[in-house]
Amino acid sequence: MKKLFLCLSILISFNLYAEMSILILGDSLAEGYGLDESMAFPRVVEKKLIEKKKNVKVINGGVSGATSASGIQRLKWHLKKPVDVLLLELGANDGLRGLSVPDTKKNLKEIIKFAKEKKVKVMLLGILMPPNYGADYTGQFEKMYKDVAKEEKVPFLPFLLDGVAGNAKLNLPDGIHPNQKGHEVIAEKVVNFLEKNI
Amino acid sequence: MKLKFIQQTLRSSKEFNFFFILCFSLGILGLILVESFKAGVEDRVSKRAKNFIASDLSISSRRQFTEVEKKNIEEVIKKNNLEYSEWIETYSLVSSVEKAKLADLNFVAAKFPFYGGVIFENGEKSNTADWETLSKSPVLWLSRDLSWELKVKVGDQLKIGESTFQVGKVFTEDQFSSFRGFNLAPKIFLSKNYLAETKLMQFGSTGSFAYLLKINDQNETLVRENFSKIIKDQTIKIKGPKESSEQIARSLNYLSDYLGLITLLTYILSLIGLYYFTHHFLSKGLKSIALFKALGFTPQKVFILNAAHLIILSLISLVVSFAAMLIMVPVLESLLLARIGEEFKLLFTSGVVLKVSLYSVIGCLLSLLPLILGAVKIPVNTVLQDIPQELKRLAFWYYLPLFFYVVLMAVIISHSIKIGIVFISALLILVGLGYLFFKTFSVLLEKSAKNKKLEIKHGFLALSRYFHSSFTIFMSLLLGVTLIVLIIQVEASLRNEFTSTTELRRPDLFMFDLQDNQEEAFKKLLNEQKLNVTMFSPMIRGRLTAINNGAIEQKKSDQEETFVTREEENQERFRTRGVNLSYRGKLSWSESITKGKFFSGRCDGEKIPCEISLEESYARRMNVNIGDKLTFDVSGIDIVGVVTSFRKVKWTSFEPNFFILFQPGLLEEAPKTFLASFKVKSIEERREIFQLISNNFANVSLLEVSEVVRKITEIFELMAFSIKIISFLSLAVALVVVWAVSFNHLELKIKEMKLFFLMGMTAEKRETIYKIESFLLTSMSIGLAIFSGTLITFLVLSFGFNITLEIRALYLISFLIILFIILNALLLFKIRNLVKRSEKALITF
């Protein structure tokens, strides 16, 4: 009995101190376009969580220009190593390239389903299209994320760039990609979102 | 007093003055021609670049201007009396009855554009009236590709935002697309007056907002300064044509740098000529210098008098060459017009005058002042000696300033320490080899002359008797003819690279972002439709993290960097960006292995690390060698490989290729997309492919690249042509210098000719002596120049342009034979003339 208790204690303590692996599967926002990778929000999130004494490892799965269509293959590649949480940050390039919204929705759902099958906890990071894409398209796009989150029952952050988009001080001169300060703001939001949902 | 002496010196040395001015003027003329041509090329590029921004100056921002900013900008516009227009570019979904597609919307105001335009379907170029109509009505002009994708024609309606527009015209080409040319979506032009109705511009909207300015008589720098004063936000860019055409400028800078080096060679030739004349002149005038000293002139005074004489001659040469240039400009421009079918301005500006004057005078003084220093060292007592005096030769370090000046000029002109030093080293090696060759040959001739007939014997001995001047002629000819060989072969190689073999395979369309799971369907479609795919390749995004386990430090790319040399700029550009990786087991037709061995079959996955093949220039820039271990971060997973080969890629094939290739077997499972390129036969086929891809693979992007390819090819055509023109101009200068030096060399021999005449040698035999000498000098230099020219061409093409050498043996040999005949005919004419003169002038012996 004593031995069993000892084993359980070891197992429990091992689990408590085991490193949590968080994969951020995304695009140029996660990759940290225009900046050193160490300044991109996935790395900042890791830093902030470690500062909060969390034993985590954040994998930056951001690829500039990536669309949701590439998500499933990239996820399969990442899942060669253990992943506990998936933060799905894809779809922005689909929107910026004016791709079909139902296709993007299908791709995102496929990624989420696959991750769930592999026992990975999924969270969705949403994005909004700039108004110049037209009310119809931006409306459809916004609704699509909400629907995916609802249908797949995953925690959802509606707008990753909230407070950053449109603010020249937080973006690179291209007006689209966040600068170092912008990534800090995003990271803070993502950390709060993670803490609330894990 | 001093002036009087200078006047007297000038008057008493008319022949020297003439040859000095002739030789130096020609050398300077070469520099002016090249500088004017360079300025002309830059102006031409700048004019084309004005098309990209449709104006002389644009003030643009990636956000909407605030009301205060607008007010301030418009005030400066008014104050400076400038014409202006506005241009707002944004992306949006555009819907026809059938489909919606992303388009690059360009809302333009009245007066747009100040430069450039579009070409409509019927081949006509847009005019002012067309743009005026557009700016006043709710119509739009759209690109042909978009009309295909949306299945619309002129007169149909398109919905943009909350508004509807009628298709007014369809265009096939727009001159506002830069050299980069790759836009995210096809373009639409429409009136800015209707932008508000679309409701596309709200908080958070993205776009580019620009004021376009036309600068007429105003000073551009001043106008820029006025705007800089009121624009505090650094994200608002004030751009002229130069900034808008950075890529073209970068390519053309290479061209100007190489042209500049060719001219530098001509200039050095003219300095050799000057050195030769001055040496001869001062040697003859040593007695006068000794006399001046005997009369109480200090060596410093004598030095100043002679230096002043040379400076006056240099200034006269400058004036003569500038005057000649003024006469030549219209002639050359009409020749250029006839050759390239377009107006080309040679810009003979004050900047060019100043630059050339500075280059010329400094070079002249540094090469000739040591000679005067040697001359003033003549002892006073030589006045009383009746023996010929020799100019005191100074130690080599007196010429070190000249050497460093030439090295500095080479580095400044080529904008590259490496290229500058390679150029100077090549020149020194050429001179060294030339010296060895000439010395050996003259010694051999001297030895073999013993048992020959009298005239042959003297002909053979002429080279060693007058070694100094013979070697000068030999070297001048060697450099001049090396230039010919260089011109012909560089031009031929460039032409071959861009026109002959690859044209048939050059792609017209690029496709990217095909996903892994779409590969099979795409290949099936290819088979069914029999599409001509010139390349199909996987692409994996990665980041180089370590070389031989040493981490790569990356700089912040948002930092402002200034680069002194091109190498620094390139290295930084290469170091800081992510990399695209690919894998395949076979070499493509447009690449070859230059070092190491290509992949040995498939990597079995267990036997990590697998093999890597690097593009050679990438390897050089990254300072990577065969056997080095590279680590890449591919989507969070470390991939390690060992470099086993370097490849040379023929980038001018325009076939997409990769700097880093992995052996098959490792990256197949990595997340990837596919790239493909298509060759199409007709517009109909292009349209068919656009529709097939758009219907079957909605996420895939297809780009028309034939226009971009055409623009790049045009740049290289200009490059090849410019090299030809400039080099021939430089060559002409070099040949005249050689001709002048040779004649002076023959003049030196008039005493010898008189002696032979007195000895009873017939005129025919005397002629033979100098004919043999001329034949030996010209044939030796031309022969060696074929070898050296080919070697330099190979080096320039391999390291400068990364292009394979194309030898045009038949053309080259015919050209050189003609040159040889012309040179010998001219020399023969001079020899006959001198032989006759020597008989008549016997009395003056």
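A note on names: the letters A, B, ... follow the listed sequences, proteins ahead of strands, and every chain is numbered from 1.
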Heavy atoms only, distances under 4.5 angstrom: which of A/Gly61, A/Gly134, A/Ala165, A/Ala69 has the most pairs with chain B? Name it, please.
-> A/Ala69

Contact winner vs chain B - A/Gly65, A/Ser70, A/Ala66, heavy-atom pairs under 4.5 Å |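 The candidate making the most pairs under 4.5 Å is A/Ser70.
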
Ring centroid separation for A/Tyr145 and A/Phe159, is it under 6.0 angstrom?
->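 Judged by ring-centre distance (under 6.0 Å), A/Tyr145 and A/Phe159 do not meet the cut-off.
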
What residue, out of [options], has the most heavy-atom pairs lying under 4.5 Å from chain A?
options	answer
B/Gly204, B/Ala100, B/Ser61, B/Ala103	B/Gly204
B/Ser92, B/Pro671, B/Gly207, B/Gly161	B/Pro671
B/Asp233, B/Asp516, B/Thr90, B/Thr673	B/Asp516

Side chain / backbone / both / neither for [X] at chain A, heavy atoms under 4.5 Å:
X	result
B/Lys159	side chain
B/Val634	both
B/Gln518	neither
B/Gln515	side chain
B/Asp513	side chain

Is [X] in contact with chain B via its backbone, its side chain, both, or neither, using a 4.5 Å heavy-atom distance?
X	answer
A/Asp136	side chain
A/Lys76	neither
A/Asn60	backbone

Audit row: A/Asp84, A/Ser21, side chain to side chain donor-acceptor pair (under 3.5 Å) steps and yes/no = CA-CA 5 Å; A/Asp84 302 301; A/Ser21 176; 4.9 Å; no

If you measure only the distance, is there a donor-acceptor pair under 3.5 Å linking the side chains of [X] and [Y]?
X	Y	answer
A/Glu31	A/Ser64	yes
A/Thr67	A/Asn93	no
B/Asn580	B/Arg541	yes
B/Ser537	B/Ser582	yes

Name of the residue among B/Leu146, B/Leu140, B/Leu190 meeting side chain to side chain contact (heavy atoms under 4.5 Å, CB included) with B/Leu158 = B/Leu140

Where the side chain of B/Arg62 meets the backbone of A/Ile176, is there a donor-acceptor pair that is under 3.5 Å apart?
-> no

Rounded to the nearest 0.5 Å, what's the gap from CD on A/Glu152 to CD1 on A/Ile111? Could you check?
->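 Spacing of CD (A/Glu152) from CD1 (A/Ile111) equals 11.0 Å.
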
